[in-house]
Every structure is written in structure tokens, then in C-alpha cells.
Q: 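This is the structure I have questions about; it appears just below.
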Amino acid sequence: MRYLTLVLACLLSGVSGPALAWGNHTVAAYRAFEKMPEVLNAAPVLVEPLETFLKAEEKPIEALLLSQEAWAVANLSAYALRPAALTFTANPSRPDDARRLAFLMALRIAPTARFALYFQPDPRTPIDASRLLAHTAVDTLPESPGATQRFIGLKAGEPITPLRVLASAADEPDYGLDINLWQNSPSEWGKVYGFGALPFGNPALSYSTQAPFHMGFFHEDRVLYLAAPFLRRTFPLLRAHQYAGLAALAFRTGHPYWGWRFTGLSLHYVQDLTQPYHASVSPGGSTLSLIFANALAMAGMPGKRDDLVVLLSNRHLALERYQTQLLQNAALTQQDTPFEKALRDTDGDARYPPWSDAYLRDVVAREAYDFGPRLLQALVAAIPPGLVSDPAFDFGAHESSIDLVAEIARQDPAKQARLDAAVAELLGHFGAHSRNAVRGILKSGRP
């Protein structure tokens, strides 16, 4: 069993970076919410600095974070207790920057997180270039090649639509909020946060360290959990719960800007778990294939294991690249394709149970896990084998130069149609679960 643990750790170290599920969440979020009455008809809100919200509601935030810690202890497998020294305690006499730092450390997110006042415009609308912010003003991580994010600066007191706040914040957790939070991370905060050592991935690669907060392996074969108990040390449920609770508090206490923004932050983790490569170690694969790779590695032949690492990474990145290109191209050309229609379609929302604490694990992650075999079949059939079925090729190293939409268009139309149908269905899940989460948060946020 301990050798299988090594195989799984190696697999996850290869597929956890950059730990993105849907590329730019904001583009898909605009489509998912632009026809939802609860968002579309909501009144504009006034932009508010984080420090203003924290100072005004310091005592309720103290109580909320204590209750969230108790919830995590009771509900999350392999939860790492928050050190008592990080407890958020109301102190109205301290400076704003000290209160902000205490809040971020109580949440156990990176204290370097910007929480800038900005929004990410819908690619379908013109950009006011005079208000563009530098990437570093919003994101602490380096800008990746081919990134589609653009940031417009905002001022305190400026009105903005909830749709813009919500869609923009849905992408924000990928801007360095969950970076270097581990005991063996090269950061000061990781040493005091109490999460222990990084369960998988490379602690020297900052983007790899966010993976356990954006992936959730809740439905694997029990043999894998016995062999690799570190699979249980993933925390997207924690983050979704934390931000959802803060959103409800902000709505109840008259801070609608932060109500919508915290809602978007919570949604990010919901949306991540709609992606099969974030809900399964090896989507469409089997425990037996992992055990076989283990046996060969034990015999001194690690090639099978190493090939699995590359193939999983290539397929994960190819899926992300394809849907990102599709949605971005459609937005820039003002087109409505089946993908936009799937994201907007509310007909399937009611087929899921009402939002609850168990929804993310039992509904969202379960559905994504079960979708893995179909997605794998569609990917390897429609995408040229050299890109996703050749372990000698590193998709990530060449991603920015690959026009995947054009590559797939040159293949068998029937195979492309099956892939497009699978991607559209996944985007439908993305939209439905996002809306159901918003409905749940808005209900909790009523006075």
C-alpha cells in the first residue's frame, strides 16, 4: 500500500499545477447569471473597501468565524484545526491594516491577497482602457501566457451592478489567495497556519500549493483512501463555507457589495468541483491501472507511472484550453453557441436538491466524478493523439501556441460533436450549481 501512496503522490504532483479548473471563471459566470432574475434585477451596489466592512462588523465577524471553525471540526474529514493564536477577536482600537491582517490570517488565506477594488469586464463589452489596472494590482501570481483576464479599477462609493461583482469575484481565488499555506511552504504564514505539510504537489511551486483547496477527492474507491489517506486532505468545502457565511453576514448587515463579492469567492470552489479533473484523481481511469503502474514502478520500471502523470496533465490542460478558447471567441464575436446556451439554461436547476452544506460534496463533486469516463472518451477521440495521448509531449509547455479549436475542427466532425456535447453538459452543470449556490446564500442572507 505504501508504494501505491507514492504513485498517487507522483500523479497528483504532476496534475495539480496550475490547479485551475475552468481557466477564466468570470467569462462563464457572466453567461450563467446574466438572465438570472435574482442577479439581473438586483439593485446596483456601492463599492466598499474590505477594511470598511471589517471595521463596521467586527463583532459579528468574530462570532461567525468561531462558528465556522466549529462547523469545520464537525463536518470536514481530516480537517486541520486552526491554531488558537489565529482566532479573530474584535478590537475596535487597532488600525485598519492590523484588523485586515487578523481577518485574513483567521481565514488562513495568504495575507498578501490583494482584495483590490476592481471588476473584470465581460468580453462582450468595450473596455475603458484608461481605467485598466496592472495585473499585479489584483493578482499576486505571475500573469500566465495567453491569460484573458483584464481588470478595471473602481473607487470607493462608485455604483456597480451585482452581476459584475459576482462574475469578477468568481475568478478571484486563483489570484493567490490559497498560495503557500503549508508548513513546508516558503512563506512565513504557512509555518503558523496549522495545515501541516502539503499533501501532494511540489511545495516549491507556488501555484501547486493551492491545489488541495481547489480539488476534492470525495468519491474514490476505498482502496485509494486506505493506501493514500492524504487524498482526504483537500479543503474546497472549507473555503466555500467560509465565503458563503461571510456573504450572508454582509447581506444581513447592509454591505451588499461584499455580499455579492464573497458570494463570488464561494462560487469559485463550487465551479472548480464541477470539473472532473478536480473531483477525481484520474477521471475515467481505474484503481487497477494505478495498482498496475505501482507494480511496475516497484519492479524498477517507473515508465507507466510517469506516462500517467503526463497524460493526466495534458488532458486536464487541454480541456481547460478548449473551453476557454470557445467561450472567449464567442464573447469577442458576440455569438451565442450551445456553450453559452448551456450556461444560461435554468431548466435543469430544479432537478437538484436545495442548496445545503452537503450539496458541494454529495451533488457537485459526485456528478463530476461520475462524468469522468464520458469526458475521457470524448477528449481522446476528438483531440489529435499527439496532444493528449502521447506521454512524450508536454501540453503545458506549448499551451500558449496551440489553437486547440482549430486543431479539433480538422478532426472527425462526429467526434468533435461528442466532445462539444460533453463540454456543453459540463458547462450546464457549472451554471446550474452556481445559481443554486447563489439562491442558497441569498436565502441565508435575508434579515
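Heavy-atom basis, side chains included; hydrogens, waters and symmetry copies ignored. Everything numeric in this text was worked out from a predicted model, so none of it was measured.
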Q: If you count the non-hydrogen atoms of other residues, nucleotides and ligands that lie under 6.0 Å from CD in Q416, is the total more than 12?
A: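 More than 12 heavy atoms, drawn from other residues, nucleotides or ligands, come within 6.0 Å of this atom.
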Q: Return the CZ to CZ distance between F119 and R164, rounded to the nearest 0.5 Å.
A: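 One finds 3.5 Å between CZ of F119 and CZ of R164.
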Q: When you compare the side chain of P159 with that of V45, does any pair of heavy atoms fall below 4.5 Å?
A: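 Counting from C-beta outward, V45 and P159 never come under 4.5 Å.
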Q: Is the Lys NZ or Arg CZ of R435 less than 6.0 Å from the centre of F33's six-membered ring, within 45° of the axis?
A: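 Verdict for F33: no cation-pi partner in R435.
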Q: Kindly check if the number of other-residue, nucleotide or ligand heavy atoms within 6.0 Å of NZ (K443) is above 12?
A: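 Atom NZ in K443 is not packed in, count stays at 12 or less.
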Q: Taking the six-membered ring for Trp, is the centroid-to-centroid distance between F371 and H429 below 6.0 Å?
A: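 Here the rings of H429 and F371 have centres that are less than 6.0 Å from each other.
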Q: Is there a side chain to side chain donor-acceptor pair (under 3.5 Å) between Q210 and D174 once you walk through the steps?
A: CA-CA 8 Å; Q210 82 172 34; D174 281 337; 2.9 Å; yes
Q: Examine distances only and state if a side-chain atom of S280 and a backbone atom of Y277 form a donor-acceptor pair shorter than 3.5 Å.
A: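 Absent.
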Q: So, for R439 and M36, which heavy atoms are closest and what is the spacing to 0.1 Å?
A: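 Closest approach of R439 to M36: CG-CE, 3.7 Å.
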Q: For A110 and L181, work out which heavy atoms get closest and say how close.
A: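 It is N-CD2, 3.7 Å.
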Q: Between R31 and E34, is a salt bridge (charged side-chain N to carboxylate O under 4.0 Å, His left out) present by the stated rule, with each step listed?
A: CA-CA 6 Å; R31 304 287 80 81; E34 63 190 355; 2.8 Å; yes
Q: Using modelled atom types only, decide if a donor and an acceptor are shared between the side chain of W189 and the backbone of N180 within a distance under 3.5 Å.
A: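 Checking the backbone N and O of N180 against the side chain of W189, a donor-acceptor pair under 3.5 Å is found.
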Q: Salt bridge check: are D345 and K341 linked by an N-O gap of less than 4.0 Å?
A: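 K341 and D345: not salt-bridged.
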Q: Whether R344 and D336 form a salt bridge (side-chain N of Lys/Arg under 4.0 Å from carboxylate O of Asp/Glu) is what I want to check.
A: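 A salt bridge links D336 with R344.
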Q: Contact between R252 and L249 at the side-chain level, heavy atoms closer than 4.5 Å - yes or no?
A: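 Contact flag for R252/L249 side chains = yes.
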Q: Between T234 and F200, does the side-chain contact (heavy atoms from CB on, under 4.5 Å) criterion hold? Intermediate values first, please.
A: CA-CA 10 Å; T234 58; F200 52 82; 4.0 Å; yes
Q: Mind running side-chain contact (heavy atoms from CB on, under 4.5 Å) on Y175 and T140 for me, showing each step along the way?
A: CA-CA 6 Å; Y175 301 166; T140 63; 6.0 Å; no
Q: Is a side-chain donor-acceptor pair under 3.5 Å present for E367 with Y352?
A: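 Distance-only check passes for Y352 and E367.
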Q: Quick one: does L54's side chain get under 4.5 Å of W258's, heavy atoms only?
A: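 No; the side chains remain at least 4.5 Å from each other.
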Q: What I want to check is whether the side chains of Q328 and N24 have a donor and an acceptor closer together than 3.5 Å.
A: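 No - no donor-acceptor pair under 3.5 Å links their side chains.
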Q: Using modelled atom types only, decide if a donor and an acceptor are shared between the side chain of H25 and the backbone of Q271 within a distance under 3.5 Å.
A: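 Judged by distance alone, no pair lies under 3.5 Å.
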Q: What distance do L177 atom CG and L104 atom CG have between them, rounded to the nearest 0.5 Å?
A: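 Atom-to-atom, L177:CG and L104:CG are 8.0 Å apart.
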Q: I'd like to check L66 versus E69 (side-chain heavy atoms, cut-off strictly below 4.5 Å). Are they in contact?
A: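 Result no, sub-4.5 Å side-chain heavy-atom pair not found.
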Q: Hey, could you give me the CG/CG distance between L237 and L360, rounded to the nearest 0.5 Å?
A: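 Reported value, rounded in 0.5 Å steps: 4.5 Å.
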Q: How far apart are the closest heavy atoms of D96 and K55, and which atoms are they?
A: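 Taking every non-hydrogen atom into account, OD1-CD, 3.8 Å.
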Q: Determine the sole option in T324, T274, D272 for which the side-chain hydrogen bond (donor to acceptor under 3.5 Å, both in side chains) test with W22 is passed.
A: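 Answer to the side-chain hydrogen bond (donor to acceptor under 3.5 Å, both in side chains) test with W22 among T324, T274, D272: T274.
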Q: Go through the steps for Q120 and T26 under the test side chain to side chain donor-acceptor pair (under 3.5 Å), then give the verdict.
A: CA-CA 7 Å; Q120 192 181 152; T26 292; 3.1 Å; yes
Q: Quick one: sort the F339 and Y322 rings into parallel, tilted or perpendicular, breaks at 30° and 60°.
A: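 Answer is perpendicular, since the angle exceeds 60°.
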Q: So, S187 side chain and G190 main chain: donor-acceptor pair closer than 3.5 Å or not?
A: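 Between the backbone of G190 and the side chain of S187 there is a qualifying donor-acceptor contact (under 3.5 Å).
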Q: Ignoring hydrogens and geometry, is there a side-chain-to-backbone donor-acceptor pair from S168 to V165 under 3.5 Å?
A: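 Not at all, since once roles are kept as given, no pair shorter than 3.5 Å links the two residues.
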Q: Taking the basic N atoms (NZ, or NE/NH1/NH2) and the acidic carboxylate oxygens, is any pair closer than 4.0 Å for R114 and E172?
A: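 E172 and R114: not salt-bridged.
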Q: Is a donor on one side and an acceptor on the other found under 3.5 Å between the side chain of T263 and the backbone of G259?
A: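 Yes, the answer is positive, given that a donor and an acceptor are paired below the 3.5 Å cut-off.
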Q: Are F103 and F115 near enough that their ring centres are under 6.0 Å apart?
A: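 No.
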Q: Closest approach of L267 and A437, non-hydrogen atoms and distance?
A: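 Closest heavy-atom pair between L267 and A437: CD2-CB, 3.5 Å.
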Q: Can you see whether Y257 engages E158 through a side-chain donor-acceptor pair at a distance of less than 3.5 angstrom?
A: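 Absent: no donor and acceptor within the cut-off.
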Q: Could you tell me which residues satisfy side chain to side chain donor-acceptor pair (under 3.5 Å) with N75, sequence neighbours excluded, listed by chain and number?
A: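 By the side chain to side chain donor-acceptor pair (under 3.5 Å) rule, N75 matches no residue at all.
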Q: Is any side-chain heavy atom of L379 closer than 4.5 Å to a side-chain heavy atom of V388?
A: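 No, their side chains stay 4.5 Å or more apart.
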Q: Assess the residue pair D178 and R239 against the criterion (salt bridge (charged side-chain N to carboxylate O under 4.0 Å, His left out)); give the C-alpha distance rounded to whole Å, side-chain angles, the decisive distance to 0.1 Å, and a yes or no.
A: CA-CA 10 Å; D178 294 316; R239 288 291 187 250; 2.8 Å; yes
Q: Can L133 and I152 be said to form a side-chain contact (heavy atoms from CB on, under 4.5 Å), step by step?
A: CA-CA 6 Å; L133 293 176; I152 300 294; over 6 Å; no
Q: Between R232 and Y225, is NZ or CZ placed under 6.0 angstrom from the six-membered ring centre and within 45° of the ring axis?
A: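 Because its charged atom sits under 6.0 Å from the ring centre and within 45° of the axis, R232 does stack over Y225.
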Q: Can you list every side-chain hydrogen bond (donor to acceptor under 3.5 Å, both in side chains) pair that touches residues 35-53, not counting sequence neighbours?
A: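 Of all non-adjacent pairs touching residues 35-53, those that pass side-chain hydrogen bond (donor to acceptor under 3.5 Å, both in side chains) are E48-H255, E51-R100.
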Q: Does the side chain of L404 come within less than 4.5 Å of F395's, by heavy atoms?
A: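 F395 reaches L404 side chain to side chain.
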Q: Closest heavy-atom contact between G440 and W355?
A: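 The answer is CA-CB, 4.0 Å.
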Q: Report the C-alpha distance between H316 and Q275 in whole Å, list the side-chain angles of each, state the deciding distance to 0.1 Å, and finish with yes or no for side-chain contact (heavy atoms from CB on, under 4.5 Å).
A: CA-CA 9 Å; H316 183 173; Q275 220 265 47; 3.6 Å; yes
Q: Please report whether the ring centroid of W182 lies less than 6.0 Å from that of Y193.
A: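 Between Y193 and W182, the centre distance exceeds or equals 6.0 Å.
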Q: Would you say the side chain of S282 lies within less than 4.5 Å of the side chain of L312, judging by non-hydrogen atoms?
A: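 The answer is yes, as the side chains (C-beta and beyond) meet within the 4.5 Å cut-off.
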Q: How many angstroms lie between CG in L198 and OG in S208, if you round to the nearest 0.5 Å?
A: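 Atom-to-atom, L198:CG and S208:OG are 6.0 Å apart.
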Q: To the nearest 0.5 Å, how far apart are CZ in R315 and CG in L375?
A: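 Answer rounded to 0.5 Å: 10.0 Å.
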Q: Would the distance check show the side chain of E220 and the main-chain N or O of V281 forming a donor-acceptor pair, the cut-off being under 3.5 Å?
A: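 The answer is yes, because a donor-acceptor pair under 3.5 Å joins these two groups.
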Q: Verify side chain to side chain donor-acceptor pair (under 3.5 Å) between H268 and Y243, making sure each step is shown before the conclusion.
A: CA-CA 10 Å; H268 182 94; Y243 292 127; over 6 Å; no
Q: Determine the minimum heavy-atom distance between D139 and G176, stating which atoms define it.
A: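 Between these two residues, the closest heavy atoms are OD1-N, 4.1 Å.
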Q: Less than 4.5 Å apart, side chain to side chain, heavy atoms only: is that true for P199 and F235?
A: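 Not in contact.
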Q: Okay, side chain of R261, backbone of L50: is any donor-acceptor separation there less than 3.5 Å?
A: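 It does not hold such a pair.
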Q: Could you state the interatomic distance from CZ (F430) to CD (E425), rounded to the nearest 0.5 Å?
A: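 Result: 15.5 Å between the selected atoms.
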Q: Under 3.5 Å, is there a donor on one side chain and an acceptor on the other for W71 and D357?
A: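 Yes, D357 and W71 have a side-chain donor paired with an acceptor closer than 3.5 Å.
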